There are 2 protein chains.
Amino acid sequence: MAISNSNNRFSSKLTSQYQNCSLSALCLPIALADEDVNRLDQIIERKRPLKKGELLFHQGEEFDSVFAVRTGTLKTFNITNSGEEQITGFYCPSELVGLSGIDENHYPVSAKALETTTVCEIPFSHLEQLSSQIPSLKHQLFRLMSRKICDDQQMMVLLGKKNADEKVASFLLNLSHRFKKRGYSATAFRLSMSRGEIGNYLGLAVETVSRVMTRFQKNGLIDVDGKEISIIDMAEMEKLVGASSECATIEHV
Amino acid sequence: MAISNSNNRFSSKLTSQYQNCSLSALCLPIALADEDVNRLDQIIERKRPLKKGELLFHQGEEFDSVFAVRTGTLKTFNITNSGEEQITGFYCPSELVGLSGIDENHYPVSAKALETTTVCEIPFSHLEQLSSQIPSLKHQLFRLMSRKICDDQQMMVLLGKKNADEKVASFLLNLSHRFKKRGYSATAFRLSMSRGEIGNYLGLAVETVSRVMTRFQKNGLIDVDGKEISIIDMAEMEKLVGASSECATIEHV
DNA sequence: TCCAATTCTTGATCTATATCAGCAAGTGAA
DNA sequence: TTCACTTGCTGATATAGATCAAGAATTGGA
């Protein structure tokens with residue numbers, strides 16, 4: 001609560017540290033005229049880093065901003081009536097979280113940092129106003145929301161139709177694509193979430209995630225060392241996932 | 001193809017038949033000034049009815065419009081690489097289909113009529129332009145997309161965490177809420193989709209859907225007569241579903 | 001209205017994955 | 001460093017729901 005409501009800017013030292021990085025270009029990847037970039041920058045607030053486990057916002061809280069992840073990772077989740085957590089998404093740098101709150105004006109999920117995480121806060125009412133003046137910004141917003149719908153529907157296919165092997169392979173390749181898009185290695189990366197969180201997200205028991213990964217390693221598909229993952233046989237992994245996933249296979253922006 | 005690309009207006013006879021129904025108010029439920037309603041009406045095209053089984057658009061086809069269902073029902077689906085159909089949603093009257101096409105400028109799914117169905121075609125580029133001039137329209141669009149994201153995430157929870165009973169109960173209550181919202185009975189309605197389609201959508205085998213419904217009937221929760229469903233014990237059904245579903249429980253618009 | 005094709009239902013089995021259990025390996029606080 | 005706690009791995013067993021099979025009920029076309 002305290003955290004997500006604190007809109008304080010950083011101290012001048014930290015602010016200046018970020019000033020000449022084209023922040024908004026990162027947050028909302030889009031080609032804008034310089035003056036528009038400035039206008040966008042003016043409404044964006046840098047927040048203090050979240051420590052692992054801290055909430056960015058929580059389920060039911062009033063919606064007023066979307067957030068762009070700068071560094072670190074977030075998860076969003078629901079608490080179901082039976083008290084268990086259901087993870088609905090993981091958010092890596094450059095990804096936008098909070099869009100689901102627009103409709104009801106309340107966040108329908110909570111967002112929690114999986115590691116030390118920094119975000120930009122973008123007050124939605126300002127963003128919406130600005131989008132009236134900058135058509136390409138409005139279009140980009142529509143696109144981002146459309147992509148989210150598309151991605152979520154792929155996730156529905158995964159949950160409804162795929163077996164444990166396909167789920168885990170899809171998950172790892174999806175992360176791989178997201179890292180690659182950001183300019184990081186597509187074949188070697190660190191999982192910021194636990195096995196339990198992966199299982200929760202994929203609709204699998206922890207033990208199943210563990211077993212599948214071990215078997216993938218045994219079969220030379222990947223190399224696992226705790227949270228460090230290397231994809232060894234990308235072709236075979238892609239074969240497992242199948243050429244499906246309309247949304248996921250196309251590289252964005 | 002032919003169908004989804006034909007933007008021909010109806011003959012004058014049909015057009016006049018619809019002219020004095022406030023069409024846009026139905027398509028995009030929103031309070032607009034009269035002049036704005038007219039502007040919206042001008043960009044909306046009524047299409048000839050689709051017969052059962054006809055495609056409104058298909059996976060991969062270029063995106064140019066979203067569609068509001070007027071009467072009947074649609075399903076959207078992917079064809080997976082293994083050739084099977086995966087249904088990603090059902091669309092009842094007043095609901096908007098096609099939003100997932102904005103991002104890539106191609107529909108990532110196909111949309112097929114489950115029965116004779118009429119839709120309004122809303123060319124998205126026009127809608128987007130108009131939304132610049134009518135802020136409340138833009139906001140409504142953001143809300144609709146946000147709600148879709150929210151609903152899809154509830155669906156992910158359903159697919160990932162719920163058992164067969166909970167899935168079927170959730171499905172029936174979700175339909176019930178949607179009918180109620182439109183002014184129809186929340187307790188007695190007709191399923192326009194087959195058991196097979198329900199199972200496909202819920203990640204269950206046809207047989208399981210059949211068995212669960214039979215058991216629900218035996219236990220006095222519902223009454224089933226082919227495609228006619230009556231919800232007898234609403235309280236018990238809601239208990240089955242659980243008080244979860246942030247998005248679904250709140251009545252919209 | 002009749003026949004063929006589809007859809008639905010019900011029962012019998014099978015299986016992928018959950019659950020249970022116990023141990024190993026990290027991780028963090030004092 | 002040690003201890004308590006969490007996270008991860010692996011084997012044994014249980015089970016929800018899939019699959020297989022066959023008959024019943026609908027549906028739709030001629």
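In what follows, every chain begins at residue 1, and chains take the letters A, B, ... in the order their sequences are listed. In this text the structure is predicted, and so the values were computed from the model without any measurement.
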We want to know whether [X] and [Y] form a side-chain donor-acceptor pair, criterion being a heavy-atom distance below 3.5 angstrom.
X         : Y         : result
Thr73(A)  : Glu115(A) : yes
Gln217(A) : Asp223(A) : yes
Lys52(A)  : Thr116(A) : no

Atom [atom1] of [X] to atom [atom2] of [N]: distance rounded to whole Å?
X         : N      : atom1 : atom2 : answer
Glu228(A) : dG8(D) : CD    : C1'   : 15 Å
Ile198(B) : dT7(C) : CD1   : P     : 13 Å
Leu191(A) : dG8(D) : CG    : P     : 10 Å
Met193(A) : dT6(D) : CE    : C1'   : 18 Å
Glu197(A) : dT6(D) : CD    : P     : 14 Å
Leu114(A) : dT7(D) : CG    : C1'   : 15 Å

Original post:
Roughly how far, to the nearest 0.5 Å, is CE of Met155(A) from NZ of Lys148(A)?
Top reply: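 Lys148(A) NZ to Met155(A) CE: 9.5 Å, rounded to 0.5 Å.
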Original post:
Run the salt bridge (Lys or Arg N to Asp or Glu O under 4.0 Å) check on Glu95(B) and Arg178(B) step by step: do they pass?
Top reply: CA-CA 10 Å; Glu95(B) 296 173 347; Arg178(B) 286 151 80 180; 2.8 Å; yes
**OP:** Give the minimum heavy-atom separation between Val241(A) and Lys162(A), together with the two atoms involved.
**Re:**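 Val241(A) and Lys162(A) have their closest heavy atoms at O-NZ, 3.8 Å.
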Subject >> Nearest heavy-atom neighbours spanning Ser176(A) and Met234(A) >> reply: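 Taking Ser176(A) first and Met234(A) second, the nearest heavy atoms are OG-CE, 3.8 Å.
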Original post:
How does protein contact run along nucleotides 15-30 of chain D, one letter per nucleotide 5' to 3', with B for base contact, S for sugar-phosphate only, - for none, heavy atoms under 4.0 Å?
Top reply: --SSBBB------S--
**OP:** Using a 4.0 Å heavy-atom cut-off across all strands, classify Gly196(B) as base, sugar-phosphate, or nothing.
**Re:**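 Sugar-phosphate: the residue Gly196(B), judged by heavy atoms under 4.0 Å, touches backbone atoms but no base.
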**OP:** Between Ser194(B) and Lys218(B), name the one whose nearest nucleotide on DNA chain C is closer to the 5' end.
**Re:** Ser194(B)
Under 3.5 Å, side-chain donor or acceptor atoms of residues 204-214 of chain A against the rest of the protein: list the pairs with distances, not counting sequence neighbours.
{"from": "Thr214(A)", "atom 1": "OG1", "to": "Ser210(A)", "atom 2": "O", "distance (Å)": "2.8"}

Original post:
Hey, does Glu84(B) have a side-chain heavy atom less than 4.5 Å from the side chain of Lys161(A)?
Top reply: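 Yes - at least one pair of side-chain heavy atoms lies under 4.5 Å apart.
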Subject >> Rounded to 10 degrees, the angle between the two terminal axes of the helix from dT1(C)-dA30(D) to dA30(C)-dT1(D), each from five pairs >> reply: 60°
